[in-house]
Amino acid sequence: MRMKRIIVTCLFLCCAFVLSAQLTYGTTGLLHAPSAEMQKDKTVMLGANFMNKEITPPTWYYHTYNYYLNVTIFPFLEVAYTCTLFKAEALGLKPYGYSGFTNQDRYFSVRLRALKEGQFWKYMPAVVLGTSDPFTSSGGGVIGSSSGNGYFSRFYIAASKHLPIGSEEIGIHLSYLYNERKEYKLNGIAAGITYNPSFAPDLRVIAEYDSKDFALGATYLLFNHLHLQVELQRMQYFTGGLMFKFNLK
């Protein structure tokens with residue numbers, strides 16, 4: 001009964017927050033872990049998330065929000081621009097009369113598909129190379145910075161394979177992540193499983209290990225374009241939001 005109340009509360013919060021999105025970091029993937037799945041050519045995604053402080057780098061010691069624009073320029077190339085909000089108090093701006101969310105961290109993400117699923121033989125997984133927040137202009141310009149800006153920096157290679165099991169389909173996802181960050185180190189294996197039940201094709205259930213924590217979540221498609229996401233990191237910390245997706249073709 002307690003878990004049922006938590007799920008209902010999560011769904012209510014997702015619908016109530018205007019600044020709340022489908023993909024946690026504004027790119028195609030699982031919850032936090034990357035995957036090798038790609039959107040259709042010329043797909044545009046606009047979204048925003050409520051982000052629990054437990055899933056952000058330590059710079060955010062408070063709950064925050066992000067919003068993003070994502071475009072799949074070609075079937076093999078995806079680019080995203082993500083902004084995460086800062087509080088004035090965390091930036092030392094309160095003495096100057098500022099309060100609440102007054103600034104934001106901005107970064108680009110790029111995903112390049114190297115292999116398409118089943119490209120050369122039917123059991124071949126899709127493979128994607130990707131990066132988020134790879135460059136910061138602070139300190140004269142640094143790629144893969146270890147400190148300063150570049151809070152969400154990560155480089156990765158991901159593989160995905162979808163397997164039919166009777167009338168159902170299971171997605172298996174494996175990736176390796178790396179960065180040089182001192183306060184938010186990523187250097188390890190991430191993995192996840194996705195399930196789209198045949199009785200509810202607009203529902204996607206996701207379980208993952210993002211190289212740091214386990215998380216369980218789900219996405220649901222509403223009105224053919226609006227995606228709703230709920231997530232519990234470590235099975236207790238809520239993050240969620242909304243994303244609007246459309247195709248330019």
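Position 1 is the first residue of the sequence, and the numbers go up from there.
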Same cluster or not: Leu77 versus Leu248, using hydrophobic residues (I, L, V, M, F, W, Y) connected whenever any side-chain heavy atoms lie under 4.5 Å apart?
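Looking at the clustering, Leu248 is in the same group as Leu77.
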
How long is the gap from [atom1] on [X] to [atom2] on [Y], to the nearest 0.5 Å?
X	Y	atom1	atom2	value
Met45	His227	CE	NE2	8.5 Å
Thr59	Tyr151	OG1	OH	5.0 Å
Gln104	Tyr67	CD	OH	3.5 Å
Lys212	Glu54	NZ	CD	12.0 Å
Asp210	Gln233	CG	CD	6.5 Å
Ile143	Phe155	CD1	CZ	7.0 Å

If you define the side chain from C-beta out and look only at heavy atoms, does anything of [X] sit under 4.5 Å from [Y]?
X	Y	answer
Val79	Val71	no
Thr28	Val128	no
Leu228	Leu242	yes

Heavy-atom donor-acceptor pair, [X] side chain to [Y] backbone, under 3.5 Å:
X	Y	value
Lys42	Ile73	yes
Thr24	Leu31	yes
Thr82	Tyr25	yes
His63	Lys53	yes
Thr64	Leu85	yes
Ser153	Pro134	no
Glu208	Ala33	yes
Asn49	Met51	no
Arg113	Glu78	no
Asn103	Ala88	no

What pairs with [X] under side chain to side chain contact (heavy atoms under 4.5 Å, CB included), at least two apart in sequence or on another chain?
X	value
Lys185	Tyr178, Asn179, Glu180, Asn187
Tyr81	Cys83, Arg106, Phe108
Lys87	Tyr62, Glu89, Phe101

What's the shortest heavy-atom distance between [X] and [Y], and which atoms?
X	Y	value
Tyr156	Pro34	CE1-CB, 3.4 Å
Ser160	His173	OG-ND1, 2.7 Å
Ser175	Leu177	OG-CD1, 3.9 Å
Leu163	Ile172	CD1-CG1, 4.1 Å

Assess the pair Trp60 and Phe152: is the distance between their ring centroids shorter than 6.0 Å?
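Distance test on ring centres: under 6.0 Å, yes.
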
So with a 6.0 Å cut-off around OH of Tyr98, is the heavy-atom count from everything else above 12?
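At most 12 heavy atoms, drawn from other residues, nucleotides or ligands, come within 6.0 Å of this atom.
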
